[in-house]
Amino acid sequence: EVQLQASGGGLVQPGGSLRLSCAVSGITFDDYAMSWIRQAPGKEREVVSCMSKSDGSIYYADSVKGRFTISRDNAKNTVYLQMNSLKPEDTAVYYCASRLGAYSGTYPMGPYGMNYWGKGTLVTVSS
């Protein structure tokens, strides 16, 4: 059974930080590129950040560039999203998703065409 378990969400004040994790099992993690995709209430899904399976190619949405950092540990089958300088507009459910194969980092990968999704973790930025 394939599982993508996102964790690390919570309530944080504006300007604060959170680190999301997504633990992956049931697939060969090294074969998959990974994305973090968020959905705010009443809004469409937005691709936040993506990372290739091994060569470090990375994409960030303009809305998070300079504030968020994606990383992955292939030994732990886990992808991370470090979120700094959080803003109220970052409030959303954050999902991790995977797609088999190569990824160049030059475009937002998702939300369509992803092979597997996690259940999401809620991030609320509010004072």
Side-chain angles (χ1 to χ4, degrees):
E1 180 187 6
V2 178
Q3 290 190 337
L4 282 70
Q5 185 64 52
S7 61
L11 174 63
V12 63
Q13 292 187 342
S17 297
L18 283 174
R19 188 194 195 204
L20 305 184
S21 299
C22 175
V24 179
S25 60
I27 57 174
T28 303
F29 185 64
D30 303 24
D31 289 342
Y32 286 78
M34 300 297 298
S35 287
W36 285 98
I37 299 167
R38 68 185 180 186
Q39 187 164 27
K43 295 189 177 181
E44 295 186 354
R45 291 176 293 182
E46 177 190 14
V47 178
V48 174
S49 184
C50 317
M51 189 168 188
S52 64
K53 55 182 181 176
S54 59
D55 70 359
S57 297
I58 289 174
Y59 165 89
Y60 293 107
D62 287 343
S63 57
V64 306
K65 204 170 290 183
R67 300 188 297 122
F68 290 12
T69 303
I70 190 171
S71 62
R72 64 188 290 163
D73 185 337
N74 285 354
K76 295 183 178 180
N77 289 1
T78 302
V79 61
Y80 305 96
L81 187 68
Q82 178 66 44
M83 305 186 296
N84 299 330
S85 302
L86 282 161
K87 305 175 181 179
E89 51 263 43
D90 294 319
T91 295
V93 177
Y94 285 71
Y95 301 90
C96 57
S98 64
R99 192 189 76 182
L100 182 66
Y103 170 65
S104 66
T106 59
Y107 61 93
M109 185 176 65
Y112 302 102
M114 305 304 286
N115 297 115
Y116 300 105
W117 288 77
K119 290 188 176 181
T121 185
L122 176 62
V123 173
T124 303
V125 184
S126 175
S127 55

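What you see below is based on every heavy atom in this structure, not just the backbone, and it leaves out hydrogens, waters and symmetry mates. For reference, positions follow the sequence shown, starting with 1. Computed from a predicted structure; not experimentally measured.
Shown here is Gln5, whose CD atom has no more than 12 heavy atoms of other residues, nucleotides or ligands within 6.0 Å.
The two residues Leu81 and Ser49 make their nearest non-hydrogen contact at CD1-CB, 4.2 Å. When every heavy atom of Glu46 is checked against every heavy atom of Ser63, the shortest pair comes out as OE2-OG, 2.9 Å. The two atoms that bring Ala6 and Cys96 nearest to each other are CB-SG, 4.2 Å, heavy atoms only. Between Thr106 and Ser104, the shortest heavy-atom contact is OG1-OG, 2.7 Å.
Counting heavy atoms from C-beta on, the side chains of Ile27 and Asn115 never come closer than 4.5 Å. The shortest side-chain heavy-atom distance between Lys53 and Arg72 falls under the 4.5 Å cut-off. Val47 has its side chain within reach of Tyr59: a pair of non-hydrogen atoms, C-beta onward, lies under 4.5 Å apart. Under the 4.5 Å side-chain criterion, counting only non-hydrogen atoms from C-beta, Val24 is not in contact with Ser98. Contact of the Ser7 side chain with the Ser21 side chain is registered, since non-hydrogen atoms from C-beta on lie closer than 4.5 Å.
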Run the numbers on Arg38 and Val64 for side-chain contact (heavy atoms from CB on, under 4.5 Å), then give the verdict. CA-CA 12 Å; Arg38 68 185 180 186; Val64 306; 4.0 Å; yes
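Cluster membership for Val12 and Leu122, using ILVMFWY side-chain heavy atoms within less than 4.5 angstrom, is not shared. Hydrophobic clustering of Ile, Leu, Val, Met, Phe, Trp and Tyr side chains at less than 4.5 Å, counting indirect connections, keeps Tyr103 apart from Val48. Cluster annotation: Val2 and Leu100 are assigned to the same hydrophobic cluster (Ile/Leu/Val/Met/Phe/Trp/Tyr, side-chain heavy-atom contacts under 4.5 Å, transitive). Hydrophobic clustering places Met109 together with Ile37 (ILVMFWY residues linked when any side-chain heavy atoms are closer than 4.5 Å, directly or through intermediates). Cluster annotation: Tyr80 is not connected to Phe29 through the hydrophobic network of ILVMFWY side chains, with a link wherever side-chain heavy atoms come within less than 4.5 Å.
Considering OH of Tyr112 and CZ of Arg99, their distance stands at 15.5 Å, rounded to 0.5 Å. The CD atom of Gln39 lies 6.5 Å from the CZ atom of Arg45; values are rounded to the nearest 0.5 Å. If you take NZ on Lys119 and CG on Leu4, they are separated by 11.5 Å, rounding to the nearest 0.5 Å. For the atom pair CG of Asn77 and CG of Asp30, the computed distance is 7.0 Å after rounding to the nearest 0.5 Å. One finds the CG atom of Asn74 at 11.0 Å from the OG1 atom of Thr28 (value rounded to the nearest 0.5 Å). Here the CE atom belonging to Met83 is positioned 8.0 Å from the CH2 atom belonging to Trp36, to the nearest 0.5 angstrom.
With salt bridges taken as basic N to acidic carboxylate O contacts below 4.0 Å, none links Asp90 and Lys87.
Aromatic ring pairs are classed by plane angle as parallel below 30°, tilted from 30° to 60° and perpendicular above 60°; the pair Tyr95 and Trp117 is perpendicular.
Listed for the Ser52 side chain is a donor-acceptor partner under 3.5 Å among the backbone atoms of Ser57.
For the pairing with Val123, the side-chain contact (heavy atoms from CB on, under 4.5 Å) check across Leu20, Thr91, Leu11, Val93 returns one residue only, Leu20.
Seen from the ring of Tyr60, Arg67 does not count as a face-on cation partner, given the 6.0 Å and 45° thresholds.
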